[in-house]
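Submitted below is the structure of interest, expressed as structure tokens.
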Amino acid sequence: MLLYPSGFINAHTVRVFEEALQEAIGSGRFRIVLSGQGLRYVASAGLGALMGVIEEVRGNGGDIRIAELNETVLNIFEMLGFNHLYRIFQSEQEAVLSFRDGAGGGRTDA
Amino acid sequence: MLLYPSGFINAHTVRVFEEALQEAIGSGRFRIVLSGQGLRYVASAGLGALMGVIEEVRGNGGDIRIAELNETVLNIFEMLGFNHLYRIFQSEQEAVLSFRDGAGGGRTDA
Amino acid sequence: MSKPRRPSPVLVLRVPSGTEFLATIRDTTQRTARLAGCDAVLAEQVALAVDEASTNVIEHAYRGARDRQIEVRFLLTAGELRVEIVDDGAPVNRRALPEVDLERYASERRSGGLGVHLMGRIMDTVTFRRTPHGNVCCLVKRLGAGGELP
Amino acid sequence: MSKPRRPSPVLVLRVPSGTEFLATIRDTTQRTARLAGCDAVLAEQVALAVDEASTNVIEHAYRGARDRQIEVRFLLTAGELRVEIVDDGAPVNRRALPEVDLERYASERRSGGLGVHLMGRIMDTVTFRRTPHGNVCCLVKRLGAGGELP
Ligand SMILES: Nc1ncnc2c1ncn2[C@@H]1O[C@H](COP(=O)(O)OP(=O)(O)O)[C@@H](O)[C@H]1O
Ligand SMILES: Nc1ncnc2c1ncn2[C@@H]1O[C@H](COP(=O)(O)OP(=O)(O)O)[C@@H](O)[C@H]1O
């Protein structure tokens, strides 16, 4: 399942992002690629939303993998060490293909 | 001569735009196309800069023609009636080609 | 809720009188106008009007001095967005406010005088007043329904 | 010029405590940080830190109330950018400020507690103080040379 959050994710807009995540999970799609092409900015509210669902996703054999982050957003992910908690890819395609070799997990990908 | 002003033209940045116009004129290039692809916003300072040189340009058989304005900028031009003072084209190519049929003037193009 | 006589501003922005702050004024106006219910085109126009008024404060009221202050206040009341641009420089000479004749504009080789004209084209009312706290340029736009703000 | 003890802010922004104003705070901070001499990456980071502090004011100091005020002040002195976020709500309980352990974070299924951590990662100092005029969260970043502002 591909998600394309766009614009700003901050405390004002995070609800929409959470709903998109919940919709994916609710419909049993646990292999999620978050493609950041349209994403200009993420505050901690957005990162918190990811953390809030990641255990459930992985518990169901899936994962949330991330791609196409711009420099600003990648920088925020790295500042929090999220690059150790999530697999981050340059391109959307790489992220999608990464699900081919074995399903979820991924947290320990070095 | 093609000019590509970019970003905001306001009282803070207009100097750069004026210099680009002066450079064209100073080097004897009086057929100027202003292509607005990268232009997000023009305040009256920018419109004033155009007005400040248009007589000289036309007096030398040239013209300033305008293309590729986004909705916001086109709207500002129209609000001031600049669409009657300048020939405005959708595409850069049309503006460039318009110089083929006879040189300058253009103010009375209806 | 009873309505106060003089509503307090929703948002206030105070910046120094350098032109490098005009972009912040413009962007803040554009966002606030959107929140007040202006559509995208109108919000851009209102942002332009406020940019022009602020530019005039710098150029005319402060004669280019960069170390003074400009305060921009946004007020929302009964169906209108009101923006007040406040300075403590030289007051406006109303008779100097030009009537722009665009037909003659080009041939006069002028390159100024468009700002006040634009403000008038965009806003429903443009007024200048002196107060004990400074000169206030007040721009008002009547709004339709909608807007996120209370 | 002699330097005043307590410099007055370069720029002040006052907004209501609704989350719809966070984007204005963020953008204003980003622009002001650039003018103060921060490079593009650092300006984005400082904007994030101020966004986080302002979000906390709304969520914690005001407990979600939308009709209060947040004031953000930008001060520039001797090689540093200082941003003060001021509210008149409930004060910070410093012992509640978390130490985030990212290793355990995921398994704890927490989805909060990252804001203060980010503020600390980005800024050189983060302090909270009470004053007669309200709670002040003060974020300081030392700057290199450069910057357009006087
Ligand atoms: N805030 C102000 N304070 C003093 N004078 C002003 C102010 N705003 C406008 N004016 C006067 O009105 C004139 C027209 O302003 P404007 O239409 O913006 O064009 P410009 O600023 O390019 O001259 C100015 O030249 C000035 O004499
Ligand atoms: N401005 C504030 N006023 C009161 N309490 C605060 C404030 N900022 C932070 N806190 C306290 O610090 C905790 C951690 O804040 P933060 O790291 O931003 O995460 P979150 O807001 O998601 O809980 C908050 O839960 C709150 O208890």
Side-chain angles (χ1 to χ4, degrees), chain B residues 6-19 21-22 25 36 39-60 62-66 69-87 104-109, chain C residues 15-27 29-30 33-34 38-62 64 66 70 98 100-123:
Chain B
S6 79
F8 281 28
I9 304 181
N10 64 9
H12 188 58
T13 59
V14 70
R15 196 67 61 85
V16 179
F17 179 54
E18 281 169 346
E19 280 165 10
L21 287 171
Q22 288 301 343
I25 294 170
L39 195 59
R40 284 179 49 212
Y41 174 77
V42 184
S44 74
L47 302 174
L50 282 183
M51 293 310 267
V53 298
I54 190 64
E55 283 277 303
E56 180 175 358
V57 168
R58 289 185 180 152
N60 282 281
D63 198 16
I64 301 176
R65 297 184 182 170
I66 296 167
L69 299 184
N70 73 24
E71 195 193 359
T72 303
V73 176
L74 182 61
N75 182 265
I76 297 168
F77 272 75
E78 288 177 348
M79 212 157 23
L80 282 172
F82 270 48
N83 49 327
H84 302 299
L85 300 174
Y86 292 89
R87 289 178 66 180
R107 195 209 299 205
T108 53
D109 186 73
Chain C
V15 302
S17 56
T19 53
E20 65 270 41
F21 292 97
L22 289 170
T24 298
I25 293 176
R26 200 214 80 90
D27 285 354
T29 305
Q30 189 269 342
R34 288 291 278 154
C38 297
D39 66 28
V41 171
L42 180 57
E44 287 286 343
Q45 294 179 341
V46 173
L48 173 61
V50 174
D51 183 359
E52 298 293 345
S54 307
T55 301
N56 281 344
V57 166
I58 295 173
E59 293 181 352
H60 304 298
Y62 292 143
R66 296 166 39 81
I70 305 173
V100 173
D101 178 346
L102 279 171
E103 283 307 307
R104 284 164 49 200
Y105 191 90
S107 60
E108 285 171 2
R109 296 175 128 259
R110 292 179 56 187
S111 60
L114 294 175
V116 170
H117 180 72
L118 267 175
M119 288 155 60
R121 288 298 304 270
I122 292 167
M123 307 305 291

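By convention in this document, chain letters (A, B, ...) are assigned in the order of the sequence lines, proteins followed by strands, and residues within each chain are numbered from 1. What you see is a predicted model; the values in this text were computed from it and never measured.
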*Test item: C/E52 side-chain N/O and B/S44 main-chain N/O as donor-acceptor pair under 3.5 Å*: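 Between the backbone of B/S44 and the side chain of C/E52 there is a qualifying donor-acceptor contact (under 3.5 Å).
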*Measuring heavy-atom distances to chain C, does B/V53 have an atom under 4.5 Å in its side chain, in its backbone, in both, or in neither?*
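Neither part; nothing is under 4.5 Å.
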*Check whether any side-chain heavy atom of B/F8 sits under 4.5 Å from a side-chain heavy atom of C/L22, and report yes or no.*
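When only atoms from C-beta onward are counted, C/L22 and B/F8 do not touch, as no gap falls below 4.5 Å.
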*asked:* Let me confirm one number: the CZ-CZ distance from B/R40 to C/R26, rounded to the nearest 0.5 Å.
replied: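 Output value for this atom pair is 6.5 Å.
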*Go through the atoms of C/N56 and report whether side chain, backbone, both or neither lie under 4.5 Å from a heavy atom of chain B.*
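Nothing of C/N56, per the 4.5 Å heavy-atom cut-off to chain B.
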*Under a 4.5 Å cut-off applied to non-hydrogen side-chain atoms, are B/M79 and C/Q45 in contact?*
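Side-chain contact under 4.5 Å: yes.
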*Look up atom CG in C/D51 and atom NE2 in B/H12, then write down how far apart they are to the nearest 0.5 Å.*
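Interatomic distance, C/D51 CG to B/H12 NE2, rounded to 0.5 Å: 12.0 Å.
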*asked:* Between C/A40 and chain B, with a heavy-atom cut-off of 4.5 Å, which part of the residue counts as in contact: side chain, backbone, both or neither?
replied: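 For C/A40, no heavy atom lies under 4.5 Å from chain B.
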_Working to the nearest 0.5 angstrom, can you tell me the gap between C/E44 CD and B/N70 CG?_
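Reported to 0.5 Å precision, the distance equals 8.0 Å.
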*Among the listed options C/T19, C/V41, C/I122, the residue most often paired with chain B at heavy-atom distances under 4.5 Å*: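 Between C/T19, C/V41, C/I122, the count favours C/T19.
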*Measure across C/L48 and B/A43 and return the closest heavy-atom pair with its distance rounded to 0.1 Å.*
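Between these two residues, the closest heavy atoms are CD1-CA, 3.6 Å.
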